[in-house]
2 protein chains.
Amino acid sequence: MVTITDVAKLAGVSPVTVSRVVNDSDYVSKATREKVEHAIEELGYVPHFMARGLRLNRTFTLALVLPDITNVFWTTVARGAEDAAMKNNFSILFYNVDEDVKKQDRVVDIVLSQQVDGVMIAPHDSDIKHLAKLQHNRVPTVILDRILDESQLEHKFDFVRGDSISGAYQLTRHLVRLGHKRIAMVSGNLHASTARDRVLGYRMALQDQAIPFDEDLIVYGEFKASAGAAMTHQLLDRGLTFTSIFAANNMIGMGVVRELLRRNIRIPEDMSIVFYDDYATDSDYFPFFTVITQQAYEIGYAAAEMLFSRMVNLDMPSRTQILPSTLIVRYSCGAQIKDGKSPLSLPVLAPSEFHQTTSRVKPIEDFSSDAGESSAKESNQ
Amino acid sequence: MVTITDVAKLAGVSPVTVSRVVNDSDYVSKATREKVEHAIEELGYVPHFMARGLRLNRTFTLALVLPDITNVFWTTVARGAEDAAMKNNFSILFYNVDEDVKKQDRVVDIVLSQQVDGVMIAPHDSDIKHLAKLQHNRVPTVILDRILDESQLEHKFDFVRGDSISGAYQLTRHLVRLGHKRIAMVSGNLHASTARDRVLGYRMALQDQAIPFDEDLIVYGEFKASAGAAMTHQLLDRGLTFTSIFAANNMIGMGVVRELLRRNIRIPEDMSIVFYDDYATDSDYFPFFTVITQQAYEIGYAAAEMLFSRMVNLDMPSRTQILPSTLIVRYSCGAQIKDGKSPLSLPVLAPSEFHQTTSRVKPIEDFSSDAGESSAKESNQ
DNA sequence: TATGATTATGAAAACGTTGTCATGTAAACG
DNA sequence: CGTTTACATGACAACGTTTTCATAATCATA
């Protein structure tokens, strides 16, 4: 590896001078600068981040800790964060923690170890002690998407999130206005404030519209499709009557839809449904579900920016930035009625057909030597 | 910040001994070990990655350079890579380059500077000189998803990718078997081998099925929805006849669908359509489009694993791993016909309705103080 | 001509680790 | 009892930077 000393030797100067040229940090004569730049070019020198970081006690790196990189919402947040980071010449270390406290604890330790200059995290809040480590080490931290009970904490965190209460309120009110009085809620796990806030918004809307609240219409579980399906199953088996379902996020919504399809329950004819969070980067594919969208990109961008401002002043009072959520009315509640019926509905297929027709076809064997069974293994070239 | 020396002082030993305890690297008596562990616990010591990295000349970090983190395909690759990395106690630095050579060059320099232990990159191949820098610095590198012209290169890279030729072949053959003879291709940018290979697979399938190839039925552009729409527009305006469209990836497909909807062309009644790459993590939402799915998770996982094996032997011959692609037949080609018509079709709505009904509703103002116009700004708490 | 500011460069130390070498003690062996 | 072997610990140097301090040459000013 080529070091600053190598460059210095070739240019016939001291390492200090090379450093000055690279960082443009002090007086260097024009002639020397040119010699050095030439040497850098010739040797293909790139500064050693770790050495510099060790000296400067900075890494120019941010950590982004997400529950599920597979969810478009988080993906879009990541993109916003990355753009903001790059603009400031920072890199992003990215960790997936799957709503798993153990993993989260481990990642917090790693992140600390990495000496990142800032952390953006959507935390599982059931182990706040571990999060407190970040404060203890004075690492600028932004809590994404969620609220924490900070009563135990010495310092406060910074926050960036969507407005879950308002969003859930809008979604519920929309259903009520369409005439629904029995609205089930398939909620997320209560360890996440987003789940709690969405229930709260839902309850507030019911109250405002004078609809009685029925505890039994709520089920709780993870923010996952499989959990959404299981919760829906459970809910339907309770033998209660309800005409609509509020899914606490897009993943859960996916599971809800899956279970409804399985039972041949039509949307919106038999059941209306709304999601919190849109379900695809661009829902042009299938603009069917009525949802709340959050400004995910902006959340990520704002979080990174907040870290940068925090870096310059560690002792600034803690801040909370709440971005508005937007209701997008589509067809899954039958809101757009034509000739007495919704122009679009699910399922168009009976469940049995549905599964049969989405069969997977084996890749062809007779075509390319790369295809077929052997292709999954390594082959030397 | 608490260092190894602080721990050493508290435990009454030398820093070396602490290091030995932390890394379990040499003889330490049980009593000493316990003293040290206790001190570590008490001070909340975490090792300093950069210092260690500087000493060991390793970072325990992999770089993942992707064209578009918004695309589920890449998201899933990222997940696979992250899982594999975490299993080996490695972290992932992640960069989004948007199919932009400039950005890619910059990221290559950054990555070099970061001294990562390995790089996974889906490269824009029009600046292979810059990629060669990675080799020159002997950084283990895996090329994701694509092929490079390595003729200029001193060493060869490792590769992990899906089988684009075979996938495109399957998709095209599927269309031909359904009776299509005029199949348009909305391709990606030719700088990416995936675009070239998919055209190749398409041509091979046509040839095998004795369908004449018409150059004018292919359009080229970026792997983006907007480009997909523009290319489709261009294609339709050529005044050619064709009955089906092959979209070179999911993003392009989205644009194709958007343009067809805009022109009120029904799918599959008026036009059949297939995508390369599935369009959502879990297409349960809307199992409509016939696609080729790649083993995206496995591609990411395999790439990271390949890096780990490369690290232990830099001089091992270069390897290529090709994962099979799978055809999923759904409804966008009318393959599943009932009573003479497809059970599911697009658009159900005329374009004008379509746009009108997906109107965005403003967030409510009268509810929470967080909602409304002020909420997009920062507020101190 | 003396004084001080400006420009230009380098030597040395430090950031927090860990590998190498040296030193020592205790146990095992003949 | 002397010698080897295993166990245990520490001093020192080094990884590649950059900051601080020191030195010196050049230039303008009194």
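Residue numbers start from 1 in every chain, and the chains themselves are labelled A, B, ... in the order their sequence lines are given, proteins ahead of strands.
Among the heavy atoms of the strands lying under 4.0 Å from A:M1 are primed sugar atoms or P, OP1, OP2 only; no base atom is included. Residue contacts for B:Y45: at a heavy-atom cut-off of 4.0 Å it reaches the sugar-phosphate backbone alone, with no base atom in range.
Using modelled atom types, one finds no donor on one side chain facing an acceptor on the other under 3.5 Å when comparing B:R52 with A:S113. At a cut-off of 3.5 Å, with distance as the only test, a side-chain donor of A:Q114 or B:S91 sits close to an acceptor on the other residue. Side-chain contact of B:T32 with B:R20: a donor-acceptor pair under 3.5 Å is absent, judged by distance alone.
Rounding to whole angstrom units, CG of residue A:N57 and C1' of C:dT17 are separated by 14 Å. The distance between atom NZ of B:K9 and atom P of C:dG16, rounded to the nearest whole Å, is 11 Å. The distance from atom CZ of A:R58 to atom P of C:dA14 is 23 Å, rounded to the nearest whole Å. In this structure, CZ of B:R55 is placed 16 Å from C1' of C:dA14, rounded to the nearest angstrom. B:L54 has its CG atom 11 Å from the P atom of C:dT18, to the nearest Å.
Applying side chain to side chain contact (heavy atoms under 4.5 Å, CB included) to B:I121 and the options B:T141, B:V111, B:V142, B:L64 leaves one that passes, B:T141.
Only B:V16, B:S19, B:N23, listed by number, bring a heavy atom of residues 13-34 of chain B to less than 4.0 angstrom from any atom of DNA chain C.
In 5' to 3' order, the nucleotides of DNA chain D bounding all contacts with chain A (an atom under 4.0 Å from a heavy atom) are D:dG16 to D:dT19.
Closest non-hydrogen pair, B:P140 versus B:M311, comes out as CG-CG, 4.1 Å.
Using the six-membered ring where Trp is involved, B:H124 and B:H191 have ring planes that are parallel, under 30° apart on the 30 and 60° scheme.
For the pair A:N88 (side chain) and A:F90 (backbone), a donor-acceptor distance under 3.5 Å is absent.
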Task: CA sep, side-chain torsions, deciding dist, call: B:S193, B:R161, side chain to side chain donor-acceptor pair (under 3.5 Å) - done: CA-CA 11 Å; B:S193 70; B:R161 61 173 184 270; over 6 Å; no
